Amino acid sequence: MKPSIPKGTRDFSPAEMQRRNYIFETIKSVFLLHGFQQIETPAMENLSVLEGKYGEEGDKLLFRILNSGPVLEQIRNSKSEIRNADVTEKGLRYDLTVPFARYVVQHRNEITFPFKRFQIQQVWRADRPQKGRYREFYQCDADIIGSNSLLNEVELIQIVDKVFTQFKIPVTIKVNNRKILQGIAELYNLKEKFKDFIIVLDKIEKIGLEGVENELKEKGLTQINIRTVLIRQSIARGLKFTDGSDMALSDINNAFQKCESEVGMKGITEVVAIANTVYETTELKNSIEFDISLARGLDYYTGAIIEVKAKDVQIGSVCGGGRYDDLTGIFGLPNVSGVGISFGVDRIYDVMEELKLFDALQTEQSSTEILFVNFGEKEEIFCLKLVTELRSAGIAAELYPDRDKIKKQMSYANDRKIPFVALVGEEEMKSGKVKLKDMNSGEEKLVGKEQIAEMIGKK
RNA sequence: GUGGUUGUAGCUCAGCUGGUUAGAGCAUCAGAUUGUGGUUCUGAGGGUCGCGGGUUCGAACCCCGUCAUCCACCCCA
């Protein structure tokens, strides 16, 4: 049998893990710096928790877990009708936000609000794999729940900027607001079909405003309306703006005002407030861009939405998030608003590799600083004592476990990029010295055991 | 779910218009070097050519099917 792993999953070898850990640790340290607390939730959730939270497409991409045990046999043998719930009642988590909402409701009495939590775990999607798209991948989420303040949005933007600055990945932070999109939907008389509408609007960059309107018409989604004239001008002019210019925004705001779209105006106010606070308080290293076509597919967003795209790398977004006003409501805890962002570690990895950002990082070296060559029974005991001493002094040391040829043991040290090798044979044991070899220079020196730490630059 | 790409040694690939024992580099192992790696030299092992069927005197190569892979659409981290 040829061994293989499921479609869209990957093994991570030591070299990759070192790089991945660097990414995890960097993100984690920024989260901690901002006062977030870590939690974990189970890989699987009850389907009732997951279903209907991610839109129609999301439901299709849920990994469902087959019920185990006698149930399966029963189903196979039964001639009666099989209900969905008999076959599967659990699913792998699709993101970290929905399980978090479930967690908050379940633990509401233990939580002090506003609750700032972060979570670093895998999620699974039954998508077709392709570039930058996997069926199992990690998300690093930071959410603030139980606070309506827009300062939270500001903080998330700061975190995003900080993280990608540390990675040296140039990014564009795109922002928009679902309330603005709702406002536009109102002007187009599309209030009822909001979901369909934003999916079409999302394509504006590819097919243009006219393309969007044509597609809306084709789908019978729009009615000709004087208001549309007003809004289409504003949209066309305000597709994007960067770095604080709010010209285009005020344009759209005017349209909202004339048409009395309260949500729309609220959305504009929020975007402007967030932008102003960011610019007043923070020197961003990356550019922030208002993009009216930014929609995001997840159903639960209601306010600010954020998406981060790496410049010069085509890979979709590396980070995304937004505000959800009533995600906990479905689980029985209404009126709790939250905002969050999610970093896609696997895509960040791909981007860093493409931009050759790992080259500058020392990720190849083994953690072991010194290897003791194994010469035989007596030497083993002698060396093991030394190894133990070195370890208690905080030096990563190991003894080669088998009495293999020296050549093989040296190759082992070399392959693992262990910088020092200690050779202790009969002669050395007699003299109480250790022959220390620097693997980079090839130099060898006889030293006393108390000098080892010094020699390998640990003192 | 729709469209396309590619499947040859552990890895990366070559293999002419179908023609005899299917090759290379890297990796592995052994030796040159019985207390020394990374360099060099010598040698060795390793392949149902994704799988199944068909055409043919003859198929890695052509045809059909199937599976896998990667890429694009959709959607997304």
Side-chain angles (χ1 to χ4, degrees), chain A residues 2-10 13 23 27 54-62 93-97 120-141 160 171 195 198-200 202-203 206-207 215 294-299 301 305-310 313-322 340-351 371-376 379 400 403-429 435-444 446:
Chain A
K2 253 191 202 165
S4 65
I5 54 174
K7 192 197 290 249
T9 64
R10 292 144 308 148
S13 296
I23 297 175
I27 294 172
Y54 307 106
E56 227 178 288
E57 200 68 24
D59 274 358
K60 278 187 214 158
L61 299 180
L62 278 179
R93 68 168 109 72
Y94 181 89
D95 74 351
L96 301 178
T97 307
I120 299 176
Q121 290 187 279
Q122 299 99 310
V123 302
W124 293 268
R125 297 184 188 176
D127 219 345
R128 270 234 190 145
Q130 57 180 281
K131 192 183 179 195
R133 173 172 303 185
Y134 308 100
R135 288 187 141 185
E136 177 187 58
F137 58 97
Y138 269 86
Q139 290 192 329
C140 303
D141 275 35
V160 167
V171 295
K195 285 179 201 169
I198 58 169
I199 287 171
V200 177
D202 195 45
K203 298 179 185 167
K206 280 177 198 159
I207 59 180
E215 199 162 319
L294 178 64
R296 300 189 54 77
L298 279 74
D299 273 1
Y301 292 124
I305 42 184
I306 306 172
E307 191 164 289
V308 183
K309 299 206 84 174
V313 184
Q314 257 203 302
I315 198 163
S317 53
V318 287
C319 178
I341 35 152
S342 178
F343 291 86
V345 170
D346 302 79
R347 283 190 180 173
I348 291 172
Y349 184 100
D350 290 347
V351 168
L371 174 83
F372 282 76
V373 169
N374 189 326
F375 279 91
E379 291 89 341
Y400 192 88
R403 293 160 201 167
D404 286 335
K405 287 183 188 164
I406 311 302
K407 186 186 164 88
K408 182 162 183 195
Q409 301 192 41
M410 295 301 285
S411 298
Y412 172 85
N414 195 58
D415 289 347
R416 294 222 14 226
K417 298 191 166 59
I418 298 172
F420 290 93
V421 167
L423 296 116
V424 186
E426 226 171 310
E427 279 180 37
E428 284 85 359
M429 276 171 54
K435 189 181 265 183
L436 194 66
K437 175 160 183 161
D438 180 329
M439 292 297 278
N440 290 317
S441 64
E443 238 179 288
E444 287 178 15
L446 265 179

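For the numbers below, each heavy atom of this structure counts, side chains included, while hydrogens, waters and symmetry mates do not. Throughout, protein chains are lettered first and strands after them, A, B, ... in sequence-line order, and every chain is numbered starting at 1. Just so we're clear, the structure is a prediction, and the values are computed from it rather than from any experiment.
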base_contact_polar ([N] base, [X] side chain, donor-acceptor, <3.5 Å):
X	N	result
A/N414	B/G37	yes
A/E57	B/G1	no
A/E444	B/U36	yes
A/R128	B/U2	yes

Distance, rounded to the nearest Å, where [X] contributes [atom1] and [N] contributes [atom2]:
X	N	atom1	atom2	result
A/D415	B/U39	CG	C1'	14 Å
A/Y134	B/C71	OH	P	8 Å
A/E427	B/U36	CD	C1'	14 Å
A/E443	B/G38	CD	P	19 Å
A/K407	B/G38	NZ	C1'	11 Å
A/D59	B/C74	CG	P	20 Å
A/R125	B/C74	CZ	P	17 Å
A/K7	B/C70	NZ	P	8 Å

When rounded to the nearest Å, what value does the distance between [atom1] atoms of [N] and [M] take?
N	M	atom1	value
B/C61	B/A22	P	14 Å
B/G46	B/C29	C1'	11 Å
B/C64	B/G3	P	16 Å
B/C62	B/C13	C1'	23 Å
B/C74	B/G10	P	39 Å
B/A32	B/U39	C1'	14 Å
B/G45	B/C71	P	38 Å
B/U17	B/C57	P	22 Å

Residue A/K435, side-chain atoms from C-beta onward, closest of B/G37, B/G35, B/G3: B/G35
Candidate nucleotides B/G37, B/A77, B/G35, ranked by approach to the side chain of A/R133 - the nearest: B/A77
Roughly how far apart are [X] [atom1] and [Y] [atom2], rounded to 0.5 Å?
X	Y	atom1	atom2	value
A/I306	A/C319	CD1	SG	7.5 Å
A/S317	A/R347	OG	CZ	5.5 Å
A/E57	A/D127	CD	CG	8.0 Å
A/L61	A/R128	CG	CZ	12.0 Å

Aromatic plane relationship, A/Y54 with A/Y94 - under 30° parallel, 30 to 60° tilted, over 60° perpendicular: tilted
Pairwise 5' ranking along RNA chain B for A/P129 and A/I315, keeping only the more 5' one: A/P129
Residue whose nearest RNA chain B nucleotide is more 5′ - A/G320 or A/G8: A/G8
Whether A/F137 stacks on the six-membered ring of B/A77 base, 5.5 Å and 30° limits: yes
Under 4.0 angstrom, heavy atoms only, what part of the nucleic acid is [X] near: base, sugar-phosphate, or nothing?
X	result
A/D127	base
A/Q130	base
A/F343	nothing
A/G442	base
A/E428	base
A/G58	nothing

Flag, side chain of A/R403 to backbone of A/N374, donor-acceptor distance under 3.5 Å: no
Watson-Crick or G-U wobble partner of B/U66, both distances under 3.5 Å: B/G50
So, is [X] near the phosphate of [N], with a side-chain N or O under 4.0 Å from OP1 or OP2?
X	N	result
A/K60	B/G1	no
A/R296	B/A77	yes
A/K405	B/G31	yes

Criterion side chain to side chain contact (heavy atoms under 4.5 Å, CB included) against A/V373, the qualifying member of A/K437, A/K435, A/E379, A/Q409: A/Q409
Partner of A/Y134 under side chain to side chain contact (heavy atoms under 4.5 Å, CB included), chosen from A/Q122, A/R10, A/K7, A/R125: A/R10
